[in-house]
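Computed from a prediction, not measured in an experiment: that's the story for all the values here.
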Amino acid sequence: MSTLSTPAGAPPAKRRTPVRPARVLLHVFLAGTALAWLAPLLWAVFSALRPYSETSTKGYVSWPDTLSLDNFTHAFEQSDMLHYFGNTLLIAVPAVLLTLFLSSMVAFYVSRFDFRLNLALLLVFTAGNLLPQQVIITPLYRMYLLTDLPGITASGKLYDSALGLVLIHVAFQSGFCAFVLSNYMRSLPHELTEAALVDGASAWRLYWQITLPLCKPAMAALATLLSIWIYNDFFWALVLISTGDNMPITSALNNLSGQYFTDPNLVAAGALLTAIPTLIVYFLLQRQFVSGLTLGSAKG
């Protein structure tokens with residue numbers, strides 16, 4: 001009885017792994033979940049490309065006769081988006097920078113120095129994120145109305161000002177950032193700070209020149225999250241801003257809705273336009289974002 005043998009020097013034949021039903025079901029489930037997640041976005045794009053006259057006649061579940069970018073052009077011009085984009089940048093950029101700066105200082109103190117109340121101090125900062133925004137809005141609203149800032153804000157008060165939104169975002173986001181950065185800093189070797197202390201480095205130099213540069217991946221990941229969260233905020237701007245010209249981009253969509261008529265296709269186009277800056281921020285910081293989420297788990 002003869003057997004087939006592999007020629008000398010030839011690579012061994014690869015064996016095909018059997019297709020398991022569980023793996024097939026897993027891929028089907030993942031594909032269905034991805035489609036379900038993308039369905040609202042794809043539907044918004046489909047609606048934004050169609051004129052309202054067509055969808056009002058044929059319905060939204062119909063084959064389109066014309067697809068154009070007219071709704072995007074009209075939404076950009078009608079809502080004055082450039083002005084509201086500027087308002088959002090005036091709020092988001094200082095809020096992100098201040099949050100990262102202050103929370104990194106707290107994280108450095110509770111993670112690199114040993115004292116009795118370091119864990120309690122971190123819990124106090126983190127507990128602020130557990131409070132629902134709706135619970136404190138009434139006293140916060142009264143406090144903003146009673147806080148006078150003549151010559152600092154256009155309204156003369158903390159209410160109805162970009163400064164008020166910056167401060168509330170910093171207050172609410174600092175706890176989460178301090179918690180994440182403190183865990184990341186704990187994974188850094190203590191020999192670095194101990195050697196710097198022996199050389200006579202001050203606490204500020206330990207923070208600014210030694211610890212903070214090593215936290216760039218975590219800072220980039222938090223900067224991405226903060227930018228998206230603050231940019232998409234609607235609740236605080238709705239309650240703490242009364243002048244329409246001072247509102248951020250999330251409130252610009254109100255300009256696309258009239259008192260007696262609303263064009264859903266135009267609103268969909270405006271919503272897609274407002275999402276572009278968050279996509280740009282994510283793609284620019286995508287590598288740092290992923291490394292910041294995974295690098296800390298491989299240390300310590």
Open item on the list: Run the ring-ring contact (aromatic ring centres under 6.0 Å, His included) test on Tyr60 and Phe46 for me, step by step, so that the C-alpha distance in whole Å, both residues' side-chain angles and the decisive distance to 0.1 Å come before the verdict.
Closed with: CA-CA 9 Å; Tyr60 285 92; Phe46 179 66; 8.5 Å; no
Minimum heavy-atom distance [X]-[Y], with the two atoms named:
X      : Y      : answer
Met185 : Arg112 : O-NH1, 2.6 Å
Leu188 : Cys215 : CD1-SG, 4.1 Å
Ala95  : His169 : CB-CB, 4.1 Å

TODO: Just grab all the salt bridge (Lys or Arg N to Asp or Glu O under 4.0 Å) pairs involving residues 167-188, residues at least two apart or on different chains.
DONE: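 Matches after skipping sequence neighbours: none remain.
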Open item on the list: Per the salt bridge (Lys or Arg N to Asp or Glu O under 4.0 Å) rule, what does the pair list look like for residues 191-205, sequence neighbours excluded?
Closed with: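 Those involving residues 191-205 do not exist here.
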- [ ] Answer yes or no: is there a donor N or O on one side and an acceptor on the other, between the side chain of Ser174 and the main chain of Ala171, under 3.5 Å?
- [x]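 Looks like no, no N/O pair under 3.5 Å.
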Task: Ion pair check, Asp65 and Lys58, cut-off under 4.0 Å - done: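 Answer for the salt bridge query: yes.
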Side-chain heavy atoms of [X] within contact of [Y], under 4.5 Å:
X      : Y      : answer
Leu238 : Phe235 : no
Ser182 : Tyr109 : no
Lys157 : Thr147 : no
Thr243 : Ser155 : no
Phe85  : Leu89  : no
Leu273 : Phe76  : yes
Tyr184 : Thr211 : no
Pro248 : Asp233 : no

Open item on the list: Which residue in the set Val96, Val281, Leu97 passes side-chain contact (heavy atoms from CB on, under 4.5 Å) when paired with Leu226?
Closed with: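 Checked Val96, Val281, Leu97 against Leu226; only one passes side-chain contact (heavy atoms from CB on, under 4.5 Å): Val96.
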Single-linkage hydrophobic cluster, 4.5 Å side-chain cutoff, [X] and [Y] together:
X      : Y      : answer
Ile249 : Val239 : yes
Val106 : Val124 : no
Trp204 : Leu100 : yes
Val170 : Leu167 : yes

Open item on the list: Please determine whether the number of non-hydrogen atoms from other residues, nucleotides or ligands lying under 6.0 Å from atom CZ of Phe179 exceeds 12.
Closed with: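 Not more than 12 within 6.0 Å, no.
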TODO: Report, as yes or no, whether the 6.0 Å neighbourhood of atom CH2 on Trp37 holds more than 12 heavy atoms from other residues, nucleotides or ligands.
DONE: no
Open item on the list: Once you measure the plane-to-plane angle for Trp236 and Phe172, does it fall in the parallel (<30°), tilted (30-60°) or perpendicular (>60°) bin?
Closed with: tilted
Open item on the list: Parallel, tilted or perpendicular: which one describes the rings of Trp208 and Phe101, with boundaries at 30° and 60°?
Closed with: perpendicular
TODO: Would you sort out whether Trp229 and Phe176 count as a ring-ring contact (aromatic ring centres under 6.0 Å, His included), showing the intermediate values?
DONE: CA-CA 12 Å; Trp229 290 342; Phe176 172 76; 5.5 Å; yes
Task: Partner set under side-chain hydrogen bond (donor to acceptor under 3.5 Å, both in side chains) for Ser104, not counting sequence neighbours - done: Tyr207
